[in-house]
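Given the structure is predicted, the values throughout are model-derived calculations rather than measurements. The chains referred to below are lettered A, B, ... by the order of the sequence lines, with proteins before strands, and numbering in each begins at 1.
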Amino acid sequence: KNQVEQSPQSLIILERKNCTLQCNYTVSPFSNLRWYKQDTGRGPVSLTIMTFSENTKSNGRYTATLDADTKQSSLHITASQLSDSASYICVVSAGGNTPLVFGKGTRLSVIA
Amino acid sequence: SAVISQKPSRDICQRGTSLTIQCQVDSQVTMMFWYRQQPGQSLTLIATANQGSEATYESGFVIDKFPISRPNLTFSTLTVSNMSPEDSSIYLCSASRGNTEAFFGQGTRLTVV
């Protein structure tokens, strides 16, 4: 069964600290993996998208990694800001017209 | 990228009534989708909105309850019919061009009383 598992479920960190969120997937075939940020009451916004051949991609203070062999991805946030408080969702695509597979997200709270 | 406008952003409805949610994309897209998101949960795909033909529904969702229209490449509607409190949720419109990045609307927060 195609699944995406994220950990931790929630995380609280101090402002300016770094953190890493994890994503494991069993989706097959694999086309690409995406990380989204979802602020409370808003729709998800794309942070990164990686295909099989990419093992790292950055978007400002966000850096995503992908290990397609172990089917793991991580999202590293550097020098966190209060505005980083949100849910971060890992999404895997099997390609074609198959539905995206969503993780349940990690709820990040950055506190002063 | 694509900008998706979804309305209404929120509504409180009486049980037994219906609500139609509109989704407008600012550029042509290949695929449009409708999702439901329960509080604290991930997104669940309701259906794929097909232009000019019937939507493709996922298991657990039926056309009579969630009729969908997509008259052209940039516009779609989702109707939540004969609502009950269990339909209270966030409904999200999404669009993509092929198997690339998906874009999401702001969501419609529906409360059924």
Side-chain angles (χ1 to χ4, degrees), chain A residues 1-11 21 23-25 27 29-54 57 59 62 64 86-109, chain B residues 1-11 21 23-25 29-51 53 55-61 78 89-111:
Chain A
K1 181 180 178 182
N2 288 338
Q3 286 186 316
V4 174
E5 301 287 343
Q6 292 188 243
S7 62
Q9 184 176 16
S10 62
L11 182 63
L21 314 180
C23 173
N24 297 331
Y25 62 93
V27 179
F30 174 84
S31 178
N32 58 65
L33 183 146
R34 311 137 186 236
W35 283 94
Y36 285 87
K37 177 186 179 186
Q38 185 176 24
D39 293 310
T40 301
R42 315 283 279 185
V45 174
S46 178
L47 295 175
T48 64
I49 178 170
M50 290 182 290
T51 60
F52 184 89
S53 60
E54 298 174 294
K57 182 164 283 188
N59 178 359
Y62 301 101
S87 288
Y88 292 83
I89 305 173
C90 178
V91 183
V92 179
S93 170
N97 292 331
T98 56
L100 299 175
V101 184
F102 287 78
K104 293 186 177 181
T106 292
R107 178 69 202 175
L108 174 66
S109 298
Chain B
S1 65
V3 176
I4 299 179
S5 300
Q6 189 176 333
K7 59 181 181 181
S9 59
R10 61 177 59 223
D11 208 342
I21 304 168
C23 178
Q24 177 73 56
V25 189
V29 291
T30 309
M31 311 289 286
M32 293 186 74
F33 308 90
W34 287 97
Y35 290 87
R36 183 169 71 183
Q37 186 176 28
Q38 306 282 21
Q41 300 295 313
S42 188
L43 281 69
T44 299
L45 180 64
I46 297 172
T48 301
N50 300 309
Q51 187 207 352
S53 64
T56 304
Y57 290 85
E58 297 300 305
S59 176
F61 298 97
L78 167 74
S89 188
I90 297 172
Y91 293 85
L92 290 153
C93 172
S94 177
S96 66
R97 300 186 186 97
N99 184 33
T100 57
E101 187 174 341
F103 308 97
F104 292 86
Q106 297 296 319
T108 296
R109 182 179 295 272
L110 172 62
T111 303

A.B. asks: For A:Phe30, which residues count as a ring pair (Phe, Tyr, Trp, His ring centres under 6.0 Å) partner, sequence neighbours excluded?
C.D. replies: A:Tyr25

A.B. asks: List the atom of B:Ile90, the atom of B:Gly107, and the distance in Å for their closest heavy-atom pair.
C.D. replies: CG2-CA, 4.2 Å

A.B. asks: Given heavy-atom pairs under 4.5 angstrom as the criterion, report whether the side chain, backbone, both or neither of B:Phe33 touches chain A.
C.D. replies: neither

A.B. asks: Please report the shortest heavy-atom distance between B:Ser42 and A:Lys104, naming the atom on each side.
C.D. replies: CB-CA, 3.6 Å

A.B. asks: Going by atom types alone, do B:Ser9 and B:Gln106 pair a side-chain donor with an acceptor below 3.5 Å?
C.D. replies: no

A.B. asks: Could you tell me which portion of A:Gln38 (side chain, backbone, both or neither) has an atom closer than 4.5 angstrom to a non-hydrogen atom of chain B?
C.D. replies: side chain

A.B. asks: Side chain from CB out, backbone as N, CA, C, O: work out which of these in B:Gln37 comes under 4.5 Å of a heavy atom of chain A, or both, or neither.
C.D. replies: side chain

A.B. asks: Side chain, backbone, both or neither: which part of B:Leu92 has a non-hydrogen atom closer than 4.5 Å to chain A?
C.D. replies: side chain

